[in-house]
Every structure is written in structure tokens, then in C-alpha cells.
Amino acid sequence: MVLVMKLLFLTCLWPTAVLHSSHSQHHRLHRRHQMSFSRKHNSKREIKMRKLDSTKVRPLKSEQLLHIEDHDFALRPGFGGSPIPVGIDVQVESIDSISEVDMDFTMTLYLRHYWKDERLSFRSNKNKSMTFDGRLIKKIWVPDVFFVHSKRSFIHDTTVENIMLRVYPDGNVLFSLRITVSAMCFMDFSRFPLDTQNCSLELESYAYNEDDLMLYWKHGNKSLSTDEHISLSQFFIEEFSASSGLAFYSSTGWYNRLFINFALRRHIFFFVLQSYFPAMLMVMLSWVSFWIDRRAVPARVSLGITTVLTMSTIMTGVSASMPQVSYIKAVDVYLWISFLFVFLSVIEYAAVNYLTTIEERKQLKKRGKASGMYSMDAVQAMAFDGCFHDTDVDMDLTPFPDPCEENETRASQTNISNADTPRLKRKRSLKGNVGRIILQNNHVIDTYSRIIFPSVYIVFNFFYWGLYI
């Protein structure tokens, strides 16, 4: 009976449950339809608003505009075909330094590349180019130009990297950068400092030989331009020129190479003041010893040694600022010849002093004076000034031929005339006779040296400057 009652209850509730579930499902479908309709309506409204507001256009990415993702830029343009032409032009901003010791130069320049890559072509109604900075360089193909014989180089990065990329609608590309490079310059110092140095900066592709890349000057000789205000402290820039050639490597083949040639002529005025003129003065100063009394040993020796040491200092200073080359430079020729003249002036006095001592000893033997009259001290004094002196008439500077006889004559006159003091006698003997005393007391070698040394040095200067200038 209970079971029958439950069955009747369930049969009564089943239609109600079915109606309730169908009603809830219909409600859910209605809500979903309303939400989708509202979304579509809102999207259409946004599209209409975007079309009405023409100032807010969504920009296209440069990669999409240039189709960068559609091509493999690891390969050069026209890979497998003819070599791609790459034009170069250079504007030299400055030559920063020239180093003779390191044999190099430092130059700042604007390096511009021109080529055509059809993969970068794009549509443009006004045929205008697009300009980019250095961030796009890593995503496209660019020529791998490097500087041959360069030691250091860098791209300027203040305030950002000084790189510019300009792409034209037909695919032509301009790639420009500002760079400072230090490169070797093979210098010849055989005529230094009267020399002219020829240096060159060489450009070449590193990976692509002439079968893949043809490097050339974009505008011929006009491809190289310079700033009008370029100047150097020690050099005068004579000319800039552009040239081209080929370089061969045994393992990779032939490569196109471009040359930036410039000639530097050295300013000589600095070296005239620092080297040549002091050397001339030292040589002329060494000639002064020819006019000093040969008996003044300390004066002539000290003057000769001073000039020799000064010349050594000048030569050391010049060598310190020059590379250690194995050949003779023009300045070395002049300084060594000048040093030889100074050295010979010292040797000349050594010969004069030696011959003077020998002559005086011979004269003493001829006179046959009593040996007791000339003690050892008197002989030493006589070797110095050529005669024997007593205390009253010491150092009277008498002529050389008969100095002792004249001193004895003056001593006898002193005994007769007591009115004159020894000091007055010296003044009277020297007054008006200084030139005669010098000429009579000099040696024959001094006499010839006063003429020969200056004459030979003047002739040497004529030959030197005529040869190197």
C-alpha cells in the first residue's frame, strides 16, 4: 500500500519538474543571446567611433612595413647572382693626432654606404624615404666594411649611437655613421724633420670578395670631402685624394679596397728653435776658446766640456721623441756634425796645451839657466804661463816670444823708478796692448782654428740646407 502511494506521488510531480527544467534552460539561452547581441553591438559601435575619429590611426611597425620578417637578411641582396655594388663616400671631420713614436694617426670621419636591397622596398604615395636609427641595423643586411691596418676604432655614442639608416621606396639604402679610427702610417724619417709623410686609410669588405661585393667610390674623386678648418700643430696638410685597388689573400681571393690618401708636410720652425738653433749656438760658443789665452787652462777646459755636455743633452732630447729606427735621420746628421765640431774644439786645445809645454821646456834647456834658480814649483808655474815670475810682477801677461826677458826688463825698471807701484805697472803694460798680447800669446793652431772652424761649418750648412730643403 505504501509503495503504491509513492508511485502515485512521483507520477504527479514529474510533469512539474519537466516544465521547471525547460523553463530554466530557455531563460539561460535568452540571457546568452542578449549578451552576444550586446557585445556585437558594442564592437560595431567602437568601429564606427574609430572611423569617425580620423586622428587616431593605429601605426604600422617598421618591420611590417619593410617586410623584414618575410625575408632572410643573413644573405646579401641578390645572393647567387652578380656582386652587389656598394658605393662609399667619406667626409673627414678632423685629424686628431699624428704619432711618430707609434707611427700611426687618428682620424674622425663620417662614413656613408649606398646600396640597393629590393627586399626593403615599400609602397609610398608621396615617394618619401624613411629614416631610422641604429636599432634597425641588426635586423637587416649591411655591408661589413672594416679599416685595414687599424689599431683602434669606435662609433660615437653621445648622446646615442651616431648611426643613421635611410630607406627609399625603391629599396635604395643609405647607411651613415660617425667613427673615430686609429690606423698605422708607414713613415720614412730619413729626412726628419724636413720630411713629408704620405699616409692612407684603407677600407675593405671583410667577408665578401669581389665575386659577392663590389666596393667603389660613389662620386669618384668627389666622394672624399674634408672640413676647411682641419689643422695640425706640427704638420701642414697638403692634399687629400681618393683611390681604389684590389687586395689579394691566398685563402679567400681578391677584394676591392678603397684608399683615403693624404700628404703631411712638417712645420720646421719648431725644430729650428728646439734643435738646430741651440746646436748652432753651442758650436759658435766652442769657438770662443780659440780667443782665450792658451795659458788659461781652467777657462778653456770648462768651456769645452760645457759645450760637449749641452750638445749631448740636445741629441738625447731629440732621440727620446722619435722612434728607434735603424737608419740616420736628417736631424741626426746635423746634430752629430755639430757635436763633432764641439768635440774637435776640445781636442784642439789639448793639442795646443801639449805643444806649448814642449816648446817651453825646449826654451828652458836652451837658456841654460842654473838649476837651482828653477825649483820644481817654478817649473810647474812656467808650464802654466810660459815664464818665471817673482812676487812683484806675477801674472803680467807678457808676450810669448821672450816673456822672461821682458819680465826681467820690467823688474829692472821697477828698481830704478820707485814712483810707480806694481799695480800701476800692470795697468800701463796692459793698457792699449790687450789685442797685441792675445795675438802674440796664442799658438799657431789657435790662429788657424779661428778661420778654419767657422769656414768649414758655414760650408757644411750650405750643403745641408741645400740638400734637404
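These numbers come from a predicted model, not from an experiment.
For the pair Met130 and Phe132, the minimum side-chain heavy-atom distance is below 4.5 Å. Side chains of Asn256 and Met214 form a contact here, defined as non-hydrogen atoms less than 4.5 Å apart. In this structure, the side chains of Leu194 and Phe271 stay at 4.5 Å or more apart for every pair of heavy atoms. The closest side-chain heavy-atom distance from Val297 to Tyr349 is below 4.5 Å. In this structure, the side chains of Thr196 and Glu238 come closer than 4.5 Å at one or more pairs of heavy atoms. For the pair Glu161 and Leu177, the minimum side-chain heavy-atom distance is 4.5 Å or more. By the 4.5 Å heavy-atom criterion applied to side chains, Phe339 and Met282 are not counted as neighbours. Counting heavy atoms from C-beta on, the side chains of Asp117 and Phe73 come closer than 4.5 Å.
Contact detail for Asp170 and Lys116: the closest heavy-atom pair is O-CE, 3.2 Å. Nearest heavy-atom pair across Thr106 and Ser182 is OG1-OG, 2.9 Å. Taking each heavy atom of Pro193 and Val331 in turn, the nearest pair found is CD-CB, 3.7 Å. Listed here is the closest heavy atom pair of Val92 and Leu109: CA-CB, 4.2 Å. Smallest separation of non-hydrogen atoms from Leu213 and Pro83: N-CB, 3.7 Å. The two residues Ala279 and Ile314 have their closest heavy-atom pair at N-CD1, 4.1 Å.
Separation of the Tyr276 and Trp465 ring centroids falls under the 6.0 Å cut-off. For Tyr468 and Tyr334, the gap between ring centers reaches or exceeds 6.0 Å. Checked against a 6.0 Å centroid threshold, the rings of Tyr457 and Phe453 do not count as neighbours.
In this structure, Leu111 CG and Leu201 CG are separated by 9.0 Å, a value rounded to the nearest 0.5 Å. To the nearest 0.5 Å, the span separating CZ on Phe262 from CZ on Phe240 amounts to 6.0 Å. Atom CE of residue Met311 and atom CZ of residue Phe341 lie 11.5 Å apart, to the nearest 0.5 angstrom. Taking OG of Ser205 as the reference point, atom CZ of Phe146 lies at 8.0 Å (rounded to 0.5 Å). Between Phe192 atom CZ and Gln197 atom CD the span is 9.5 Å, to the nearest 0.5 Å. To the nearest 0.5 Å, atoms NZ (Lys128) and CZ (Phe122) are separated by 11.5 Å.
In Phe343, the CZ atom is not crowded: 12 or fewer heavy atoms of neighbouring residues, nucleotides or ligands sit closer than 6.0 Å. The local environment of CD in Glu118 is sparse, with at most 12 non-hydrogen atoms from other residues, nucleotides or ligands closer than 6.0 Å. In Tyr327, the OH atom is crowded: over 12 heavy atoms of neighbouring residues, nucleotides or ligands sit closer than 6.0 Å. Atom CD1 of Ile328 has 12 or fewer neighbouring heavy atoms from other residues, nucleotides or ligands inside a 6.0 Å radius. The neighbour count for Tyr216 OH, taken as heavy atoms of other residues, nucleotides or ligands under 6.0 Å away, is above 12. Environment of CZ in Phe269: sparse, with no more than 12 heavy atoms of neighbouring residues, nucleotides or ligands closer than 6.0 Å. Around OH of Tyr354, the count of heavy atoms belonging to other residues, nucleotides or ligands within 6.0 Å does not exceed 12.
Taking the charged nitrogens against the carboxylate oxygens, Arg76 and Asp212 do have a contact shorter than 4.0 Å, which makes a salt bridge. Checked for salt-bridge contact, Glu100 and Arg266 meet the test: a charged N lies under 4.0 Å from a carboxylate O.
Inspection of the Thr180 and Asp96 side chains reveals no N or O donor paired with an N or O acceptor under 3.5 Å.
For Asp332 (side chain) and Lys329 (main-chain N/O), a donor-acceptor pair under 3.5 Å exists by modelled atom type. No donor-acceptor pair under 3.5 Å is formed between the side chain of Ser319 and the backbone N or O of Thr316. Side-chain atoms of Asp144 come within 3.5 Å of backbone N or O of Ala207 as a donor-acceptor pair. No side-chain donor-acceptor contact under 3.5 Å links His156 to the backbone of Ile179. Side chain of Ser275 to backbone of Val272: no donor-acceptor contact under 3.5 angstrom is found. Side-chain atoms of Asn162 come within 3.5 Å of backbone N or O of Val160 as a donor-acceptor pair. Within the 3.5 Å criterion, the main-chain N or O of Pro85 finds no donor-acceptor partner in the side chain of Tyr114. Counting only distance, with no hydrogens or angles, the side chain of Glu202 and the backbone of Leu258 share no donor-acceptor pair below 3.5 Å. The backbone N or O of Ile292 lies less than 3.5 Å from a partner atom in the side chain of Arg300, making a donor-acceptor pair. Looking at Asn209, its side chain does come within 3.5 Å of a backbone N or O of Thr252 through a donor-acceptor pair.
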Starting from the C-alpha separation in whole Å, work towards a yes-or-no answer on side-chain hydrogen bond (donor to acceptor under 3.5 Å, both in side chains) for Thr131 and Arg166. CA-CA 4 Å; Thr131 303; Arg166 183 171 293 170; 3.3 Å; yes
Between Asn261 and Glu239, is the side-chain contact (heavy atoms from CB on, under 4.5 Å) condition met? List the steps. CA-CA 8 Å; Asn261 307 307; Glu239 62 176 352; over 6 Å; no
Pair Leu165, Ile137 - check side-chain contact (heavy atoms from CB on, under 4.5 Å), show working. CA-CA 8 Å; Leu165 182 70; Ile137 298 299; 3.9 Å; yes
When you look at Asp195 and Met187, which way does the side-chain contact (heavy atoms from CB on, under 4.5 Å) test go after all the steps? CA-CA 10 Å; Asp195 57 335; Met187 301 181 183; over 6 Å; no
Evaluate side-chain contact (heavy atoms from CB on, under 4.5 Å) for Ser449 paired with Phe290, printing each intermediate quantity in order. CA-CA 7 Å; Ser449 298; Phe290 304 151; 3.9 Å; yes
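Not counting sequence neighbours, Lys218 has no partner by the salt bridge (Lys or Arg N to Asp or Glu O under 4.0 Å) test.
Among residue pairs with one or both ends in residues 157-184, those qualifying as ring pair (Phe, Tyr, Trp, His ring centres under 6.0 Å) are His113-Phe175; sequence neighbours excluded.
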